[in-house]
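All ligand and atom numbering here is 1-based and tracks the order in the structure.
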Amino acid sequence: MNPFHNQSVVSIRDLGRDRLEAVFEATDRIRTMPPERRRELCRGRTLGYVFYEPSTRTRLSFEAAMSSLGGSSLGHADAASSSAKKGESLADTVRTISAYSDVVVLRHPLDGSSRFAAEVSSKPVINAGSGTEEHPTQALLDIYTIKKEKGRVDGLNIGIVGDLKHGRTVYSLLYGLSGYDVNVHLVSPPSLRIRPEFAYGTKRRMKMSTYGDLGECAGEMDVLYVTRIQRERFADAEEYAKVRGSYVVGLDMLRRMRPDSIIMHPLPRVDEIAPEVDSTPHARYFEQAEYGKHVRAALLHLLLNKDA
Ligand code: NCD
């Protein structure tokens, strides 16, 4: 039996490097499979979802992934159109969706929401973003993108720039990378540095260094992972105003980087990557979004099929 079968995916910390690599192998298999075979993998299965926060790529790529496997999706893209608006609890909403589906995908503004949902759900839950805490499937597709675009993960210099304090994709990515032998460069304004809790309980093979200015380390980077300032997570609007627009990756920055370095971003982007970067060979964020569909298809296949 495959170890993913019927298991919830709440935190990437629950998956070691071996499990990550198993998802990547399944992704390679599924991507190259003839579409008619792929459509047999989850035929007749249903993905249920509820998103209490906005989403474009995560929700649509899960739907596209399920459809490519021959399954279907149902759910709410907006909590305001669900009974949450009438005051229904998260527990009741999740119980109900899990009764109509084989796997439940949840995005919610609270840390811990996904772990709680997994406890009350009768079906496996996939965390599609829980507060500032984690977004494990984003990290899976991020590391898969690094592997495909750079040919390896071990030995790379990876810069993570932006809102390291509030960005859940950053935490999942760091936890995921902690099983690899990488040099991580964390770049942010002082008020948006990584939360100290990150240091607890992480078995780190990676080396980490911190910078206030991207220019200091740009020349060393193989991968630059840029993130948006998470405006909606600031307790104080003035604090946001102070850091807004404080870093932008533009053509001038690319000139300081290695010619074969790549730029990634979980998206949505606001103004932290200049649009002129899109047409350079460094830009990989749209490829990254596309890999997301295949990685999520692989994960659904593994969760839903005992013998996958
Ligand atoms: C991210 C998220 O929701 O955390 N979006 C995504 O799923 N790619 C990143 C963000 O909102 O900045």
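- A centroid separation of 6.0 Å or more is found between the aromatic rings of F51 and H76.
- Residues R228 and D271 are not paired through a salt bridge, judged by the lack of any N-O separation under 4.0 Å between the basic side chain and the carboxylate.
- Taking 4.0 Å as the cut-off between side-chain N and carboxylate O, R37 and E40 do not count as a salt-bridged pair.
- With respect to Y225, the side-chain contact (heavy atoms from CB on, under 4.5 Å) criterion is satisfied by exactly one of T145, V161, T169: T169.
- Protein residues with a heavy atom closer than 4.0 Å to ligand 1 are T58, R107, H135, Q138, R168, T169, R228, Q230, P266, L267, P268, listed by chain and number.
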Report, one line per pair, each donor and acceptor closer than 3.5 Å where one atom sits in a side chain of residues 184-194; sequence neighbours left out.
from : atom 1 : to   : atom 2 : distance (Å)
H185 : ND1    : Y211 : OH     : 3.1
H185 : NE2    : N157 : OD1    : 2.9

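- No side-chain heavy atom of R39 sits less than 4.5 Å from a side-chain heavy atom of M33.
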